[in-house]
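Read the structure below first, then the notes.
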Amino acid sequence: MPKETKKAVAMRILVTGGAGFIGSHFLRLLLKRDNATLIVNLDALRYSGNLDNLRDVASHPRYRFVHGDICDAKTVEALIKAHRIDTIANFAAETHVDRSILEPAGFVRTDVIGTAVLLEAARTAGVRRFLQVSTDEVYGDVSTGRSKESDPVAPRSPYAASKAAADLLVQSYFTTYGAQVLITRGSNTFGPNQYPEKFIPLFVTNALEDQALPLYGDGLQQRDWIHVEDHCTGIATVLERGTPGEIYNIGGGCERRNKEVAQAILNILGKPGALIRHVTDRLGHDRRYALNCEKVRTLGWQPQANFEDALKSTVLWYQDNPRWWGKIKSGEFREYYERLYGARLST
Ligand code: DAU
């Protein structure tokens, strides 16, 4: 493996959760974006962390993988020191709302304690920049208008509450220690390599298998969709040009009702509408999220994807990659699926 010279390395970044959906796309973007950044990926490889997402970059000379947990302070401290890390982007998180309703404790551990461990390790080692990848869910249900960064957090699920707690901790490091922190709050992200527990990949893969699409409640909930590549360029822009201590919303501006998205997926695949099954709603289900993204636009970022085209290419990716999701759906996923949907789909 060629050694990078000290002079050539622009940034020595620790990307946590880099084997996950958004993290793996971000990592690939960084490797493409400049030719000097060294990337260390720390991932615990829990159920949704997947090295298959990184096969194409696994032997890249500016990429290193470390198998470990962000809650393990010793591992984090040692790798910051060993790789002379100057920047951290924290993607590592438990992210699925339904799982947080089934088992909230793991969300507090990874999302809150894990962030606390990273912040403290970064402070002690003098890491230059710390970017926290957060979510629009911290604003809670938004019946009208669009959430601004200055709005108070009002999380409603254990997942959203854990992320909001982590955001507050990150901000406290700015106020208390002057740490150079940034927070991004992204909207609903979709694209290739998304673990099929989330709405779009679940519905696409179920439709491909001629299985029912379990639509919660009336299906009229609204989400603001963003393609993963747009989300990642947004995060990279904030990392490069954001003002420390600030929060930046990153949304695609493509508001759609769940029912419309489900129908669009079926249309792309030429499958019957009868596959849609209205099932018992998610507990505390937020009806709508929507982001005001004026602030990130002042940094020169804007999303590129058109929702319909990006949805189509995403659906086709799952159609073309049954081995990627087939492997996942035959493992731990089955037990989870039965637990969450078994009773819902049997009535
Ligand atoms: O808004 C950003 C957030 O988006 C991220 O921070 C979260 O990590 C991500 O999970 C996502 O949260 P949502 O709860 O909005 O995403 P999910 O894909 O779980 O669901 C999208 C919508 O689809 C939501 O209104 C619930 C609905 N849904 C979802 C599933 C899994 C269904 O109707 N049926 C389903 O089986």
Side-chain angles (χ1 to χ4, degrees), residues 17 20-23 48 91-102 107 110-111 132-142 146-147 153 155-164 166-167 183-191 194-207 211-228 230-231 234-235 249-265 275-291 293 311 314 333 336-345:
F21 167 50
I22 306 177
S48 61
F91 289 79
E94 294 287 341
T95 65
H96 193 46
V97 174
D98 292 315
R99 288 195 194 246
S100 85
I101 294 168
L102 291 174
F107 286 72
T110 302
D111 301 1
Q132 173 74 357
V133 179
S134 185
T135 167
D136 64 1
E137 302 214 5
V138 299
Y139 297 116
D141 196 41
V142 188
R146 302 185 154 266
S147 306
V153 291
R156 289 162 31 90
S157 71
Y159 159 64
S162 304
K163 291 299 285 184
D167 284 8
I183 296 173
T184 58
R185 290 184 177 156
S187 68
N188 277 69
T189 308
F190 70 103
Q194 186 170 27
Y195 193 85
E197 64 191 351
K198 301 285 165 91
F199 177 62
I200 289 182
L202 178 70
F203 277 32
V204 174
T205 56
N206 276 15
Q211 301 287 320
L213 313 188
L215 190 66
Y216 293 153
D218 58 12
L220 297 179
Q221 305 81 5
Q222 280 172 273
R223 294 293 183 267
D224 176 350
W225 292 99
I226 185 168
H227 188 262
V228 65
D230 280 332
H231 192 168
I235 294 169
N249 289 342
I250 303 179
C254 303
E255 260 190 74
R256 298 288 184 281
R257 293 190 189 279
N258 293 342
K259 212 172 171 172
E260 294 169 47
V261 177
Q263 191 54 58
I265 291 169
L275 282 179
I276 296 177
R277 285 273 297 279
H278 285 269
V279 298
T280 310
D281 209 349
R282 174 185 277 176
L283 296 177
H285 196 171
D286 289 337
R287 292 291 286 180
R288 177 175 177 264
Y289 304 130
L291 286 177
C293 296
L311 181 66
T314 299
F333 184 85
Y336 158 78
Y337 194 80
E338 180 51 34
R339 194 169 165 205
L340 191 69
Y341 297 100
R344 278 181 160 120
L345 286 167

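When a ligand or atom number is given, it counts from 1 through the structure's own listing order. Just so it is clear, the values below take in all heavy atoms, side chains as well, and ignore hydrogens, waters and symmetry mates.
Under the side chain to side chain donor-acceptor pair (under 3.5 Å) criterion, Arg282 pairs with Asp98, not counting sequence neighbours.
Thr189 and Lys198 share no donor-acceptor pair across their side chains, judged by distance under 3.5 Å alone.
Stacking of Arg223 on the aromatic ring of Phe199 is not recorded, the 6.0 Å distance cut-off and the 45° axial limit not both being met.
A salt bridge links Arg287 to Asp218: one of the charged nitrogens lies within less than 4.0 Å of a carboxylate oxygen. Using a 4.0 Å cut-off between a side-chain N of Lys or Arg and a carboxylate O of Asp or Glu, Arg99 and Glu197 qualify as a salt bridge.
Between Tyr216 and Tyr341, the ring planes are parallel. Angles under 30° get that label, and only those over 60° would be called perpendicular.
The contact shell of ligand 1, taken as protein residues with any non-hydrogen atom closer than 4.0 angstrom, comprises Thr95, His96, Val97, Asp98, Thr135, Asp136, Glu137, Tyr159, Gly186, Ser187, Asn188, Glu197, Lys198, Phe199, Leu202, Phe203, Pro214, Leu215, Tyr216, Gln221, Arg223, Asn258, Arg282, His285, Tyr289, Tyr341.
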